[in-house]
Amino acid sequence: MSSRQPPSSFRSRAIALMKDRSVNAAVKLGTARKVIARLKAWGELGEPEVARLRAAAKAAKAKVMRDLPAYWEQFRSQVEGRGGQVRFCQDGAAACRAVAEIALAAGARLAVKSKSMATEEIHLNSALAAASVEAVETDLGEFILQLAGETPSHIVGPAMHKNRFDVAALFSKDAGRTIAPEPAELLAYARARLRQAFVTADIGITGCNVAVAETGSVCLFTNEGNARLVTSQPRIHIVVVGIEKLVATWEDYEPILALLARSATGQRITAYSTVVNGPRLPGEIDGPDEMHVIVMDNGRSRLLGTPYEEALHCIRCASCLNVCPVYRQTGGHAYAPVYSGPIGAVLNPLLNGMEEYCDLPLHATSLCGACSDACPVGIPLHELLQKLRVQAVAEGRVSGGERLSMRLWGWLWSSPLRYRLFARIARLLSLPLSRGGWLRWAPGIAAGWTAYRDLPAPRGRLLRDRMIERGLAK
Ligand code: SF4
């Protein structure tokens, strides 16, 4: 493995989480529901329309990536033309400083936030706390996690790993009284608690689902309406957006709008789709006095023009998490903060370095390709993961034992004679271990499989022998 080990490996985090029955059940149920909802929504559109939208979304992202600086300049000139301000930041620390400076200049003490993975990525809340500005998360899932002191475990449902009893315990502790684990009571508490923050906040902070260059617009999709309050109630609105969230035109925005909610939650469109074009203009009834857009690179531009560029096409729908057989067992906290699942296993090593995160492409994927099939913008996730594996091996980040076992495996299976011999020996060895047609325990590295599921025991004759008998093989 790498010379510098992360604090704990994916493997150890995954094993701990898989033993947590409550997390396990919540993640399995949550992801299964989302997969069913997406398939239903895609089914309503029909295969040809889904294919057309996916191709259009992919083309829109590829187009903007070809000339990203020019499109961001266009975005900047549009925003500044309407009185907003745009600042480009090379890394997360610079983006945090920029937000803190705006807050300090305004004498702000309280900020309300709408859900934003970009701000999670740069640990903005800690930076604001260091500047004596309290940040309150207003998305229900994020609010729950803020009370729990945890990071999101899912891109769309950040608190997916928690059930209503967990939430009731957190809310009761926060309230200093018992809040029943009933959805209506939990929502009522969160609503009352957050309403006060909306009214008194000096600053509203949002991410950005899509930025449109031709008009300098910031598009936000939510189901709770909190982004509308965050962008209209406080006197200052700050947007933190990664450089990859841009599209050139409204025509390019359309396929993303059509695909994002359908892929994320199975909805045709989110309950609130908000377009923000700048600070309040004379005569307008609401909106902030100031609007600042912090455009953040944080390692993304390094991917432009490389075989990994397509990772920047991600629209953060989480479909790849929901179908991933690894994510569905472990949940998001087995990965690195903040991006989890297949896209996290791609982005974390690319944005933060192979040294610390190479165990994600090495161990957090089965390379089954379900993620690529589910991705609405056609990112070939399993191919990118495979490329990262090759890179990890080339950089010597794989242990001697793993290298040796893979070499042995390759040697055994690359010769028809050795492969046949291996199949016969494996079959013979497995027979004494099988009970009722199943292998429930296996020794050595095979124990990794049987520890969590049963393996069907070999039955009858080998497929190859039967094919030879029928003249289908020699
Ligand atoms: S990689 Fe594709 S499927 Fe995964 S979150 Fe991004 S857009 Fe969605």
Side-chain angles (χ1 to χ4, degrees), residues 27 30-31 34-39 41-42 50-51 53-62 64-65 115-118 120-121 141 152-158 160 207-211 219 221 241-247 252-253 255-267 270 300 303 307-328 331-332 335-351 360-361 364-388:
V27 171
T31 51
K34 284 192 164 25
V35 171
I36 292 166
R38 174 180 62 83
L39 290 175
W42 282 22
V50 170
L53 288 168
R54 291 176 93 183
K58 189 181 174 90
K61 294 305 271 184
V64 82
M65 295 301 157
K115 184 167 109 48
S116 150
M117 295 304 279
E120 290 281 351
E121 175 187 330
S153 70
H154 188 273
I155 297 173
V156 171
M160 180 185 271
C208 171
N209 290 103
V210 185
C219 307
F221 309 138
V241 54
I243 58 167
E244 80 283 12
K245 289 297 185 77
L246 193 64
V247 293
D252 293 338
Y253 161 90
I256 295 174
L257 178 72
L259 286 168
L260 184 49
R262 284 185 168 93
S263 305
T265 54
Q267 294 165 279
T270 45
R300 289 158 171 77
L303 310 187
Y308 299 114
E309 183 179 295
E310 280 188 75
L312 297 177
H313 293 187
C314 175
I315 56 171
R316 308 281 190 263
C317 72
S319 295
C320 58
L321 281 64
N322 300 332
V323 294
C324 176
V326 178
Y327 180 93
R328 291 172 72 156
Y335 298 74
V338 97
Y339 303 107
S340 55
I343 187 63
V346 170
L347 280 180
N348 281 304
L350 290 175
L351 297 183
L360 295 178
T365 170
S366 67
L367 295 183
C368 64
C371 47
S372 307
D373 288 346
C375 179
V377 288
I379 301 173
L381 288 156
H382 70 292
E383 288 173 19
L384 300 185
L385 286 164
Q386 203 168 7
K387 279 194 179 88
L388 284 165

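Counting starts at 1 for both ligands and their atoms, in listed order.
Taking 4.0 Å as the cut-off between side-chain N and carboxylate O, E310 and K58 count as a salt-bridged pair. Look at R300 and E121 and you find a salt bridge, because one of the NZ, NE, NH1 or NH2 atoms lies within 4.0 Å of a carboxylate O, short of that distance.
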*Please report the C-alpha distance between V27 and H154 in whole Å, then the side-chain angles of each, then the deciding distance to 0.1 Å, and finally whether the side chain to side chain contact (heavy atoms under 4.5 Å, CB included) criterion is met.*
CA-CA 9 Å; V27 171; H154 188 273; over 6 Å; no
*For the pair T365 and H382, evaluate side chain to side chain contact (heavy atoms under 4.5 Å, CB included) and give the outcome as yes or no after the intermediate values.*
CA-CA 8 Å; T365 170; H382 70 292; 5.8 Å; no
*Evaluate side chain to side chain contact (heavy atoms under 4.5 Å, CB included) for I343 paired with I155, printing each intermediate quantity in order.*
CA-CA 10 Å; I343 187 63; I155 297 173; 3.8 Å; yes
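Protein residues are said to neighbour a ligand when one of their heavy atoms lies under 4.0 Å from it; for ligand 1 these are C314, I315, R316, C317, A318, S319, C320, I343, C375, P376, V377, I379, L381.
Side-chain atoms of Y335 and L347, non-hydrogen and from C-beta on, never get closer than 4.5 Å to each other.
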